[in-house]
Amino acid sequence: MALLTKKDASLITDPLADNNPITIQVLGICSALAITAELKASIVMAVAVMFVLGLGNVVISLMRNIIPSKIRIIVQLIVVATLVIVVDQVLKAFAYELSKTLSVFVGLIITNCIIMGRFEAFALANGPWRSFLDGIGNSLGYGVILIIVGFFRELLGSGTLLGYKVLGDPIAKTGLYATGYENNGFMIIPPAALIVVGIIIWVQRSRNPALVEDN
Amino acid sequence: MLEHIELFFKSIFIDNMVFAVFLGMCSYLAVSKKVATAVGLGAAVIFVLAVTVPLNWLLDQYLLRDGALVWLGPEYADYNLSFLSFILFIATIATMVQLVEIVVEKFSPSLYNSLGIFLPLIAVNCAILGGSLFMQARDIQSLGLAFNYGVSSGIGWFLAILAIAAIREKIRYSNVPAPLRGLGITFIITGLMGIGFQSFGGMLTGGDDAAAPVEEQRMDYDKVSENKKKEIKEEIDTKDVSYNDAINK
């Protein structure tokens with residue numbers, strides 16, 4: 001038996017494009033916008049969400065037959081909160097500077113609609129292996145958008161990628177700066193993230209007309 | 001008093017929950033198709049924030065922060081339970097939302113009906129948890145200020161969703177490109193509104209202890225000597241300060 005059947009593989013590939021949690025399902029927007037001024041923060045956030053969603057999906061799926069329906073939101077919240085506390089403590093211990101940049105948004109992973117959304121829509125009705133794949137797939141889809149937005153915002157806004165100056169030195173005017181290019185400060189302010197995501201949605205829906213909304 | 005007024009206006013305009021820190025975006029995007037439902041959700045958010053932020057402040061002050069348990073006895077002064085903040089805050093919020101729902105259903109059935117499904121959904125709205133987490137991160141000093149912060153952040157969110165709902169109702173008659181229709185154009189409009197709200201950033205910098213205007217501090221880079229330029233470059237490379245900090249020394 002192959003490790004991943006075709007149906008299982010689609011659990012990972014669908015959220016990457018056609019069923020993307022941010023641009024199609026409209027979930028998990030808050031943290032996607034706020035921390036993407038730096039590429040490094042975007043990558044760390046994507047990994048954190050992958051950990052929480054993957055493991056959370058498995059835990060909820062294993063418990064799905066014993067959770068009473070009336071308190072399922074509370075159980076889900078407890079599972080997510082616990083996993084996020086672990087992530088937060090690990091970040092504070094091993095990457096303190098980054099945890100300061102991410103500040104409250106690590107905590108806000110708890111209310112990240114992707115996680116609760118996938119618990120409700122998938123983990124409560126499917127087995128642990130498929131739930132794990134679904135969790136990984138959706139967090140990869142989320143991560144792809146975060147990384148694209150973070151990439152453009154950091155490159156155009158500070159001329160760096162992951163902290164390395166890739167366009168030249170703005171002070172000594174080497175590289176691209178010698179031609180008179182200046183960093184676009186607009187990309188660093190929060191509203192730029194909204195506009196970049198709007199453009200990503202534009203591109204995605206132009207390529208796939210089935211996703212266009214009727215007015 | 002001045003502190004309260006400053007916090008009030010700062011939370012509504014400068015640190016607006018939607019435009020500055022993007023909290024509550026999912027419900028903001030989903031509910032903003034009509035002004036009437038947007039008003040209902042906005043009012044619910046203000047109400048829940050006004051109730052949960054002060055409560056979580058009390059929890060933080062007397063249970064969670066470093067040395068908070070000192071009222072139990074001096075031997076507890078070293079305890080730092082702040083790692084439990086997330087789970088306790090979300091528990092308070094879920095409980096309070098359930099309570100608010102019961103109270104509203106009992107005392108104002110019409111309001112309850114108009115809010116519909118939104119009231120229970122507010123428990124997982126990141127604006128609510130975000131309000132409490134920012135209250136903790138910004139070290140709000142008193143219960144009155146915490147209540148003020150809760151109400152004013154709620155009003156800021158309410159303003160944002162009201163504005164976008166009104167605009168979305170109007171652009172139904174506009175010629176939006178097909179791929180941008182609905183979600184895409186809402187993102188871009190929200191971005192433009194965010195840029196507009198940035199203009200409020202100068203609102204609270206007047207007065208005696210305001211910072212000196214930026215123009216006076218800025219150095220004219222071209223007139224600076226070669227040695228100074230080398231110094232600045234070295235400082236940036238070795239000490240990892242930002243460009244602005246280095247030239248404004």
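Both backbone and side-chain heavy atoms feed into the values below; hydrogens, waters and symmetry mates do not. Predicted model only: the values in this text are computed from it and were never measured.
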Residue among Phe134(B), Phe197(B), Phe89(B) with most heavy-atom pairs under 4.5 Å to chain A: Phe134(B)
List the atom of [X], the atom of [Y], and the distance in Å for their closest heavy-atom pair.
X: Gly107(A); Y: Leu129(B); answer: O-CD2, 3.9 Å
X: Ala81(A); Y: Ile87(B); answer: CB-CG1, 3.7 Å
X: Gly194(B); Y: Pro191(A); answer: C-CG, 3.5 Å
X: Cys126(B); Y: Leu108(A); answer: O-CD2, 3.6 Å
X: Pro190(A); Y: Phe19(B); answer: CB-O, 3.9 Å

Which bit of [X] is near chain A, if near means a heavy-atom gap under 4.5 Å: side chain, backbone, both or neither?
X: Gln136(B); value: neither
X: Ala20(B); value: backbone
X: Leu29(B); value: side chain

Side-chain touch Leu183(B)/Arg205(A), heavy atoms, less than 4.5 angstrom: yes
Approximate separation, where rounding is to 0.5 Å, of [X] [atom1] and [Y] [atom2]:
X: Phe105(A); Y: Leu23(B); atom1: CZ; atom2: CG; result: 5.5 Å
X: Gln198(B); Y: Phe186(A); atom1: CD; atom2: CZ; result: 9.5 Å
X: Phe187(B); Y: Ile195(A); atom1: CZ; atom2: CD1; result: 11.5 Å
X: Ile110(A); Y: Leu133(B); atom1: CD1; atom2: CG; result: 7.5 Å
X: Ile78(A); Y: Phe86(B); atom1: CD1; atom2: CZ; result: 16.0 Å
X: Ile201(A); Y: Arg181(B); atom1: CD1; atom2: CZ; result: 14.5 Å

Pairs of heavy atoms under 4.5 Å with chain B: top-ranked of Ala192(A), Ser158(A), Gly198(A): Gly198(A)
Criterion side-chain contact (heavy atoms from CB on, under 4.5 Å) on Met193(B) and Leu194(A), from CA distance to verdict: CA-CA 10 Å; Met193(B) 285 205 284; Leu194(A) 286 160; over 6 Å; no
